[in-house]
Amino acid sequence: MVFTFAQPRQLRIGGGARSELGELVSGLGASRPLLVTDGFLEGNGAAAELMALMTGAGLQPALWAETVPDPTTDSLVSGLAALHEHGADLVIGFGGGSPMDTAKALALLAVQGGRMADYRAPRRNDGPALPVVAIPTTAGSGSEATQFTIITDSGSNEKMLCTGPAFLPAAAVIDFELTLSMPPRLTADTGVDALTHAVEAYVSRRANRLSDALCLTAITSIGAHLRRAYADGTDRAAREALMLAATQAGIAFSNSSVALVHGMSRPIGAHFHVAHGLSNAMLFPAVTAFSVGSATARYADCARALGCASVADDDAQAAESLVAEIGALCRDLAVPTPEAFGIDEAAWTATIPTMVQQAIASGSPANNPRVPSPDDIAALYAAIYR
């Protein structure tokens with residue numbers, strides 16, 4: 001089988017890697033970067049640190065710190081104005097998945113114009129776009145290494161998946177020290193997000209040999225370190241392992257795609273304002289149980305990598321152990337159900353038909369080992385509510 005594989009041209013990895021940002025931006029031929037981040041990272045001084053590093057390297061950076069969780073088409077308007085006003089020649093996405101996705105969208109719109117709806121899947125976006133440098137502050141989304149961005153349409157409330165090389169960052173800075181202050185809830189949600197990426201990329205119908213290796217390595221690291229980091233956020237070894245695993249999983253799913261969990265997760269986030277990693281975690285046990293019989297050997301590999309099965313277990317036993325371990329992990333990390341999260345049951349039930357349509361339209365469920373029918377997806381949404 002011939003497959004294509006893409007990743008950022010440069011990855012700067014390790015504690016303190018952010019100190020090399022000025023050199024990195026200059027090396028990409030840029031001099032007027034726009035730093036795209038959120039109010040929290042502006043308020044705690046992290047954005048100012050990066051601005052100082054770039055100014056010290058002789059660059060002329062500007063700061064736009066108005067990104068919002070689950071970025072919308074409306075939220076891009078002022079960012080695009082800031083980009084044009086500065087005459088930016090490169091965009092830096094600094095933060096979790098939302099600032100990085102925002103930066104990717106702005107980089108494309110700056111060059112091509114139009115509306116984000118023009119670029120939604122199934123369209124493949126090859127460019128052109130301004131170069132993007134991604135600097136994650138959470139160990140989960142993998143957006144620093146993917147060919148995807150997700151922007152919610154402010155009119156329809158649909159989370160639009162936009163894909164293609166135009167959204168692949170030119171470079172990423174993977175500095176685990178930026179995650180040391182993450183609270184337990186965010187640690188849990190982003191960690192399960194990364195695990196979901198790795199498992200889904202491995203069992204995806206579009207999996208390939210190179211992404212497979214990254215998936216299994218990431219699964220092993222997350223299995224060994226996620227509970228540790230959740231219990232003790234200052235555990236540097238655990239934080240470093242999770243940060244690298246999140247990037248490995250991001251590279252993997254960027255090249256083999258995610259599947260049913262993500263297809264169903266995006267509508268939950270759009271309609272009920274649930275963080276992406278948390279909505280994945282709500283779905284992960286039930287969707288894995290639904291899918292496991294259609295790729296038993298692949299799920300068994302994941303179980304052995306995660307450490308919940310051994311080579312002595314046959315594939316069926318190992319796959320069932322994976323289902324059990326994912327459920328146990330989500331319980332240990334206090335993942336709430338939609339009901340426990342506070343979502344009204346009547347609103348949830350009434351929205352299921354729309355969520356089903358949006359999940360299918362994203363294309364991700366078609367990559368699942370067991371391709372679901374609309375009724376299957378509706379039943380899964382109903383089953384996870386409480």
State, yes or no, whether a side-chain contact exists between [X] and [Y] at a heavy-atom distance under 4.5 Å.
X    : Y    : result
P374 : I360 : yes
F272 : P338 : no
L278 : F341 : yes
Y119 : I151 : no
T4   : N208 : no
V199 : F284 : yes
Q147 : N255 : yes
M51  : L35  : yes

Can you get from [X] to [Y] by hopping between Ile, Leu, Val, Met, Phe, Trp and Tyr side chains that sit under 4.5 Å apart?
X    : Y    : result
L161 : L168 : no
Y230 : L186 : no
I150 : V274 : no
I222 : V323 : yes
L195 : I384 : yes

Identify the two heavy atoms, one from [X] and one from [Y], that lie closest to each other, and give their separation to 0.1 Å.
X    : Y    : answer
A117 : M160 : CA-SD, 3.7 Å
L11  : I251 : CD1-CD1, 4.2 Å
P71  : T102 : CB-OG1, 3.3 Å
L41  : G95  : CD1-CA, 3.5 Å
S143 : D101 : OG-OD1, 2.8 Å
P136 : M100 : CB-CE, 3.7 Å

Please tell me whether [X] and [Y] have a donor and an acceptor in their side chains that are separated by less than 3.5 angstrom.
X    : Y    : answer
T217 : Q248 : no
S204 : N367 : no
T187 : R239 : yes
T296 : D315 : no
D70  : T152 : no
T146 : K104 : yes
T190 : D193 : no

Treating [X] as the side-chain partner and [Y] as the backbone partner, does any N or O pair qualify as donor plus acceptor under 3.5 Å?
X    : Y    : value
D38  : A65  : no
N157 : A270 : yes
R386 : T337 : no
R304 : A318 : no
T349 : A346 : no
E200 : S257 : no
S75  : T67  : no
S364 : V258 : no
S154 : D74  : yes
T179 : F176 : yes

Residue that, paired with [X], satisfies side-chain contact (heavy atoms from CB on, under 4.5 Å) out of [options]:
X    : options              : result
P33  : L50, V132, V133, I92 : I92
I174 : E240, R18, M243      : M243
L306 : L322, T220, L329     : L322

Pairwise distance [atom1]([X]) to [atom2]([Y]) - rounded to 0.5 angstrom:
X    : Y    : atom1 : atom2 : value
I268 : Q358 : CD1   : CD    : 11.5 Å
H273 : I343 : NE2   : CD1   : 10.0 Å
Y385 : M282 : OH    : CE    : 10.5 Å
S294 : Y299 : OG    : OH    : 8.0 Å
L226 : L242 : CG    : CG    : 6.0 Å
S211 : H197 : OG    : NE2   : 14.0 Å

Go through M116 and T149 one step at a time and tell me if the side-chain contact (heavy atoms from CB on, under 4.5 Å) criterion holds.
-> CA-CA 10 Å; M116 282 309 297; T149 192; 4.1 Å; yes
Charged N to carboxylate O under 4.0 angstrom, E177 versus R236?
->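 Salt bridge flag = yes for R236 with E177.
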Could you go step by step and tell me if W64 and H86 meet the side-chain contact (heavy atoms from CB on, under 4.5 Å) rule?
-> CA-CA 10 Å; W64 182 72; H86 182 56; over 6 Å; no
Quick check: are there more than 12 heavy atoms from other residues, nucleotides or ligands sitting under 6.0 Å from [atom1] of [X]?
X    : atom1 : result
F40  : CZ    : no
Q317 : CD    : yes
R205 : CZ    : yes

Derivation of the side-chain contact (heavy atoms from CB on, under 4.5 Å) call for L130 and L90 | CA-CA 6 Å; L130 292 178; L90 179 144; 5.9 Å; no
Decide salt bridge (charged side-chain N to carboxylate O under 4.0 Å, His left out) for D212 and R209; before the verdict, give the C-alpha distance in whole Å, the side-chain angles of both, and the deciding distance to 0.1 Å.
-> CA-CA 5 Å; D212 282 353; R209 295 184 299 279; over 6 Å; no
Candidate pair D153 and T72, rule side-chain contact (heavy atoms from CB on, under 4.5 Å), full reasoning = CA-CA 6 Å; D153 187 299; T72 64; over 6 Å; no
Describe, in one word, how the ring planes of H262 and H276 are oriented to each other, choosing from parallel (under 30°), tilted (30 to 60°) and perpendicular (over 60°).
->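 H262 and H276: tilted rings.
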